K.L.:
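Sharing a structure with you now.
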Amino acid sequence: MPDFSQRFHWETLPVRGALCRLDETYGRVLRDFQGSPAVARLLGEILAGTALLATTQSSYERLIVQAQSQGALRLLVAEISQAGGLRAYARWQEGEPVDLATLPGALLAITVDPGLDRERYQGLVTLRDTVAESLNAYFAESEQSPAFFRLMADPQSHQAAGYFVQRLPGVMDPADWQLLTRFLEVGPDAALFNMAPEDLLPQAFPGEGVRLFPPQALRFSCSCSRQRVADMLRALGQEEVEETLEEQGVISVTCEYCRESYRFEASDVAMLFKEETDGAPLH
C-alpha cells in the first residue's frame with residue numbers, strides 16, 4: 001500500500017485524529033543506514049509523528065520536528081512539505097547506547113514554516129522517554145490541549161505507522177477521553193496498524209459516527225540540489241572554498257537526508273565564482 005496519512009473525527013464528540021503508514025518512506029530513509037536498531041527505530045517514529053502533526057496544520061510550506069541533546073543522540077530530525085514529501089536523518093555518537101530517557105540537555109523543537117517569507121512558529125519542550133510521549137507533552141504545554149500518539153517502527157520489516165487523537169474544546173466526559181487513549185494504547189502493533197480504520201475506530205465508541213477524510217499520499221522527497229550546494233559554497237566565500245579545494249583536490253558535499261553527493265572540481269569552483277561576479281545564473 002502506498003504511504004499515506006488520513007484524518008478523522010467523531011461526529012458528536014470533540015475529538016479529532018489521524019493515522020499514517022510510511023513503509024516505503026521509512027525504507028528509503030534506512031537505505032544504506034549504518035546505525036544501531038535503536039536509532040533506526042527512532043527515525044521511523046519521528047517520521048510517523050511528523051506526518052501526523054502535519055494533519056493538524058491548515059497551511060504551511062514545511063513542518064520540522066527536531067530532537068537534540070548533548071548526549072549520544074546529537075540530532076534526530078524529520079521534515080514534511082505540504083505536498084507530502086518526507087525526509088529524516090540522525091546524528092549520534094558511535095559506540096554509545098541511545099536512550100531518550102538518559103540524554104542530557106535534550107529538547108524537542110517543532111517548527112512550522114509558512115513560507116512566502118512569513119515568520120516561522122516554533123514550540124519547544126523537554127524531550128521525554130519516547131518520541132510519542134514528547135509529542136504528547138508538546139500538545140499539553142504548547143497547544144494547551146490533550147493529545148495522544150502511538151507510534152510504531154520496525155527497522156527489520158521497514159514498517160512505520162502511527163495513530164494520533166486530540167481532544168478539542170467542547171463537552172466530553174474525562175472518562176471517555178481515558179477510554180479512547182486506552183483503546184489506542186493496548187494490544188500489539190499488528191492488530192492496531194493492520195486493521196482498516198473504518199473497522200477499528202467505531203469500536204472505541206459504539207454508536208458514535210466516525211468521519212474519515214480522504215487520505216493524503218505521502219512519499220520520500222529531498223529538497224537538496226546542485227544549485228543549493230552551489231549557493232552554500234558561494235555563501236562561504238571564494239577564499240574559504242578555494243582553500244578547501246587546495247587541501248582536498250575536490251569539494252564533495254553529501255546530503256545527510258538522501259546521501260546524494262555533489263562534486264565540485266577546480267573548474268566548477270572557478271565557474272561558480274566567475275558567474276557570481278558576472279551576475280549570470282548558474283546552470
Side-chain angles (χ1 to χ4, degrees), residues 1-23 25 44-60 63 65 78 80 82-84 86 108 110 112 121 123 125 128 130-153 159-218:
M1 176 185 295
D3 293 350
F4 73 96
S5 64
Q6 187 170 20
R7 296 183 297 118
F8 56 82
H9 71 74
W10 273 268
E11 299 282 7
T12 58
L13 295 171
V15 178
R16 70 173 175 179
L19 68 148
C20 69
R21 287 296 299 262
L22 300 171
D23 299 353
T25 299
E45 291 176 357
I46 202 168
L47 276 168
T50 301
L52 294 173
L53 267 176
T55 67
T56 69
Q57 303 297 312
S58 58
S59 178
Y60 65 96
L63 187 149
V65 180
I80 187 171
Q82 190 161 32
L86 276 158
L108 181 79
I110 295 174
V112 180
Y121 164 79
V125 294
R128 271 38 176 202
T130 67
V131 174
E133 290 177 19
S134 302
L135 292 172
N136 293 346
Y138 167 78
F139 273 86
E141 297 177 17
S142 298
E143 301 291 332
Q144 285 81 51
S145 64
F148 177 81
F149 285 79
R150 179 169 178 181
L151 308 174
M152 182 274 284
Q159 287 185 310
Y163 262 94
F164 150 78
V165 288
Q166 180 187 11
R167 181 174 172 178
L168 302 173
V171 178
M172 184 177 188
D173 190 324
D176 286 339
W177 174 250
Q178 293 178 0
L179 184 152
L180 176 58
T181 57
R182 182 64 177 165
F183 176 81
L184 292 176
E185 184 179 29
V186 300
D189 289 335
L192 181 67
F193 293 110
N194 292 330
M195 191 171 182
E198 58 268 27
D199 296 327
L200 173 70
L201 294 172
Q203 296 181 23
F205 300 109
E208 302 285 353
V210 181
R211 180 180 178 187
L212 283 164
F213 293 86
Q216 179 188 10
L218 303 176

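Keep in mind the model is a prediction, meaning the values are calculated, not measured.
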K.L.:
Check whether any side-chain N or O of Asp3 sits under 3.5 Å from a backbone N or O of Ala217 as a donor-acceptor pair, and report yes or no.
P.N.:
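Looks like no, no N/O pair under 3.5 Å.
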K.L.:
Could you check whether any side-chain heavy atom of Leu180 comes within less than 4.5 Å of a side-chain heavy atom of Trp10, counting everything from C-beta outward?
P.N.:
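Heavy-atom side-chain distance check passes, below 4.5 Å.
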K.L.:
Could you tell me which residues satisfy side chain to side chain donor-acceptor pair (under 3.5 Å) with Glu208, sequence neighbours excluded, listed by chain and number?
P.N.:
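Checked Glu208 against side chain to side chain donor-acceptor pair (under 3.5 Å); matches are Thr12.
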K.L.:
Using the rule given for side chain to side chain contact (heavy atoms under 4.5 Å, CB included), can you reason through Leu179 versus Phe205, listing the C-alpha separation, both sets of side-chain angles and the distance that settles it, and then say yes or no?
P.N.:
CA-CA 9 Å; Leu179 184 152; Phe205 300 109; 4.0 Å; yes
K.L.:
In residues 189-204, what donor-acceptor pairs under 3.5 Å come from side-chain atoms, sequence neighbours left out?
P.N.:
unit_1 : atom_1 : unit_2 : atom_2 : d
Asp189 : OD1    : Arg150 : NH2    : 2.8
Asn194 : OD1    : Arg21  : NH1    : 3.3
Asn194 : ND2    : Ala190 : O      : 3.4
Gln203 : NE2    : Asp199 : O      : 3.2

K.L.:
For Phe139, is there any backbone N or O sitting under 3.5 Å from a side-chain donor or acceptor partner on Ser142?
P.N.:
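No, the answer is negative, given that no donor and acceptor are paired below the 3.5 Å cut-off.
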K.L.:
How close do Val65 and Ile46 get, heavy atom to heavy atom, and via which atoms?
P.N.:
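Taking Val65 first and Ile46 second, the nearest heavy atoms are O-CD1, 3.5 Å.
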K.L.:
Pair Glu11, Val210 - check side chain to side chain contact (heavy atoms under 4.5 Å, CB included), show working.
P.N.:
CA-CA 6 Å; Glu11 299 282 7; Val210 181; over 6 Å; no
K.L.:
Please lay out, stage by stage, how Ile110 and Leu135 fare under the test side chain to side chain contact (heavy atoms under 4.5 Å, CB included).
P.N.:
CA-CA 9 Å; Ile110 295 174; Leu135 292 172; 3.9 Å; yes
K.L.:
Working to the nearest 0.5 Å, report the span between CG of Asp176 and CZ of Phe183.
P.N.:
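Interatomic distance, Asp176 CG to Phe183 CZ, rounded to 0.5 Å: 13.5 Å.
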K.L.:
If you measure from CZ on Arg182 to CZ on Phe148, what distance do you get to the nearest 0.5 Å?
P.N.:
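One finds 9.5 Å between CZ of Arg182 and CZ of Phe148.
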K.L.:
Could you list the residues that satisfy side chain to side chain contact (heavy atoms under 4.5 Å, CB included) with Ala51, not counting sequence neighbours?
P.N.:
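Listed in chain order: Cys20, Leu22, Leu86, Leu218.
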K.L.:
Do any N or O atoms from the side chain of Thr56 and from the backbone of Leu52 form a donor-acceptor pair under 3.5 angstrom?
P.N.:
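Checked: no pair found.
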K.L.:
Could you go through residues 161-175 and list every donor-acceptor pair under 3.5 Å that involves a side-chain atom there, pairing it with any protein atom two or more places apart or in another chain?
P.N.:
unit_1 : atom_1 : unit_2 : atom_2 : d
Gln166 : OE1    : Arg16  : NE     : 2.7
Gln166 : OE1    : Arg16  : NH2    : 2.9
Gln166 : NE2    : Ser145 : OG     : 2.8
Arg167 : NH2    : Met172 : O      : 3.0
Asp173 : OD1    : Ala175 : N      : 2.8

K.L.:
Could you pull out the closest heavy-atom pair between Gln6 and Pro215, with the gap in Å?
P.N.:
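Shortest heavy-atom separation between Gln6 and Pro215 comes out as NE2-CD, 3.9 Å.
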K.L.:
So, the side chain of Gln216 versus the backbone of Gln82: is there a donor-acceptor pair under 3.5 Å, distance only?
P.N.:
yes
K.L.:
Side chains of Leu108 and Val131: does their closest heavy-atom pair fall under 4.5 Å?
P.N.:
no
K.L.:
Looking at Asn136 and Pro146, would you say the former's side chain and the latter's main chain have a donor-acceptor pair under 3.5 Å?
P.N.:
no
K.L.:
Under the salt bridge (charged side-chain N to carboxylate O under 4.0 Å, His left out) rule, collect the residues that match up with Glu143, sequence neighbours excluded.
P.N.:
none
K.L.:
Keeping the roles fixed (side chain from Ser134, backbone from Arg128), state whether a donor-acceptor pair exists under 3.5 Å.
P.N.:
yes
K.L.:
Where do Gly49 and Leu151 come nearest, in terms of heavy atoms and distance?
P.N.:
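Looking at all heavy atoms of both residues, the shortest contact is N-CD2, 3.8 Å.
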K.L.:
Kindly give the heavy-atom pair with the smallest separation between Tyr121 and Tyr138, and that separation in Å.
P.N.:
CE2-OH, 3.6 Å
K.L.:
Output all residues satisfying side chain to side chain contact (heavy atoms under 4.5 Å, CB included) with Thr130, sequence neighbours left out; order by chain, then residue number.
P.N.:
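Partners of Thr130 by the side chain to side chain contact (heavy atoms under 4.5 Å, CB included) criterion, ordered by chain and then number, come out as Ala132, Glu133.
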